[in-house]
Each structure stands twice: as C-alpha cells, then as structure tokens.
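Comments concern the structure below.
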Protein chains: 2
Amino acid sequence: MLVEVSLRPGIADPQGATIERSLPALGFERVSGVRTGKAIRFSIDADDEAGARGEVDELCRRFLTNPVIEDARVTLAAADQAVRR
Amino acid sequence: MLVEVSLRPGIADPQGATIERSLPALGFERVSGVRTGKAIRFSIDADDEAGARGEVDELCRRFLTNPVIEDARVTLAAADQAVRR
C-alpha cells in the first residue's frame with residue numbers, strides 16, 4: 001500500500017520551488033512544475049480490497065494528511081501485483 | 001513524472017517506526033511494515049520516453065537521492081496516462 005501525500009494545488013511549496021530554481025544551473029533545463037510531498041508505504045491485513053481501501057482512507061483522513069492543505073493518492077498492491085485507483 | 005525516494009531495506013526508519021507504534025492505540029491494529037519517504041512530482045520536456053527516463057535517472061542519482069541509503073522508484077506518465085516501470 002502506497003500513500004502519497006502532496007500539497008493541494010494553490011498551496012505554496014517552497015521546497016519544490018527551490019528544487020525547480022536550482023535545476024537549470026545544474027544542467028537540467030527542461031524540468032518544470034516541481035512539487036514535493038511525503039510517501040508512506042505499509043502493509044495492511046484486510047479481508048478484501050474494499051475493506052483495505054476503506055481503512056486506509058480513514059487513516060489518511062484522520063492521521064496522515066492535513067485535509068485543509070494536503071491531498072492523498074492511495075495505490076493499492078495485492079501481494080506483488082499493483083492495482084492503481 | 002513521480003519520483004518516490006525511500007530508505008533502502010535495512011536502513012532504520014524512525015519516523016515509520018513511530019507511526020507504526022502509535023497506530024494500534026489509535027484503532028488501527030492491522031497495519032505493519034510502515035516506511036516513510038519523499039515524493040517528488042514534476043514535468044519534463046523530452047523527445048521520447050527513453051530520453052525522459054534517462055534524464056530523470058541521472059537527476060535521481062545526482063541530486064534527489066543519497067544512493068548509499070536511499071532507493072528511487074520512478075513512475076512516468078505521458079500526458080495523463082500512467083506507465084509504470
């Protein structure tokens with residue numbers, strides 16, 4: 001299970017802006033729109049995919065994100081097979 | 001383009017361990033193996049997918065990760081369509 005927490009569009013991302021500003025001086029001219037966030041990976045033991053997703057959605061809402069300024073993207077993998085929402 | 005930077009297996013992840021330790025007290029008993037990392041999203045202007053991937057791989061190696069302790073997973077999306085490595 002991968003949860004990617006990113007700042008919502010319109011929220012200032014000074015870390016991303018700093019990366020973007022430095023890249024041309026380092027030889028990367030064609031990168032734009034840099035946004036940074038957090039990645040959290042974990043395993044969850046659930047009966048089915050819907051149960052796992054429900055539990056993760058609640059986890060995101062309550063603890064992993066600040067919904068005022070952040071969005072969460074959840075990617076679920078059963079065993080070793082990736083299923084993208 | 002999404003780059004997920006995570007600590008390599010075997011490298012201590014105190015932030016992940018703290019999240020994992022607190023979850024049972026918060027009502028989530030079935031989460032395990034929590035690992036945290038950074039997520040960096042950006043656009044790159046390249047002629048083809050191989051060119052974009054090459055440039056991103058170099059960017060990861062030189063600036064976005066510390067290869068001694070970190071791994072990078074790169075996910076490439078052309079326009080709005082996701083292509084996973």
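Quantities reported herein were computed from a predicted structural model and do not represent experimental measurements.
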inquiry  = Do Glu20(B) and Val31(B) have side chains that approach each other closer than 4.5 Å (heavy atoms only, starting at C-beta)?
reply    = no

ask   = Any sub-3.5 Å donor-acceptor pair from Arg35(A)'s side-chain atoms to Arg8(A)'s backbone N or O?
value = yes

Residues in residues 62-69 of chain B that sit under 4.5 Å from chain A, counting heavy atoms only = Arg62(B), Phe63(B)

Distance, nearest 0.5 Å, that separates CZ of Arg41(A) from CD of Glu4(A) = 10.5 Å

request  = Report yes or no: do Val34(B) and Ile11(B) belong to one cluster of Ile/Leu/Val/Met/Phe/Trp/Tyr joined by side chain heavy-atom distances under 4.5 Å?
outcome  = no

key: Engaged part of Leu23(B) at the chain A interface, taking heavy atoms whose separation is under 4.5 Å   = side chain

inquiry  = Please identify, among Glu58(B), Gln15(B), Glu29(B), the residue contributing the most non-hydrogen atom pairs under 4.5 Å to chain A.
reply    = Glu58(B)

key: Shortest non-hydrogen separation from Ala46(A) to Gly51(A) and the atoms involved   = CB-C, 4.2 Å

query = Under a 4.5 Å side-chain heavy-atom rule over Ile, Leu, Val, Met, Phe, Trp and Tyr, are Ile40(A) and Leu7(A) clustered together?
reply = no

request  = Determine, step by step, whether Ser32(B) and Asp45(A) satisfy the side chain to side chain donor-acceptor pair (under 3.5 Å) criterion, reporting the C-alpha distance in whole Å, the side-chain angles of both residues, the deciding distance to 0.1 Å, and the verdict.
outcome  = CA-CA 8 Å; Ser32(B) 61; Asp45(A) 179 24; over 6 Å; no

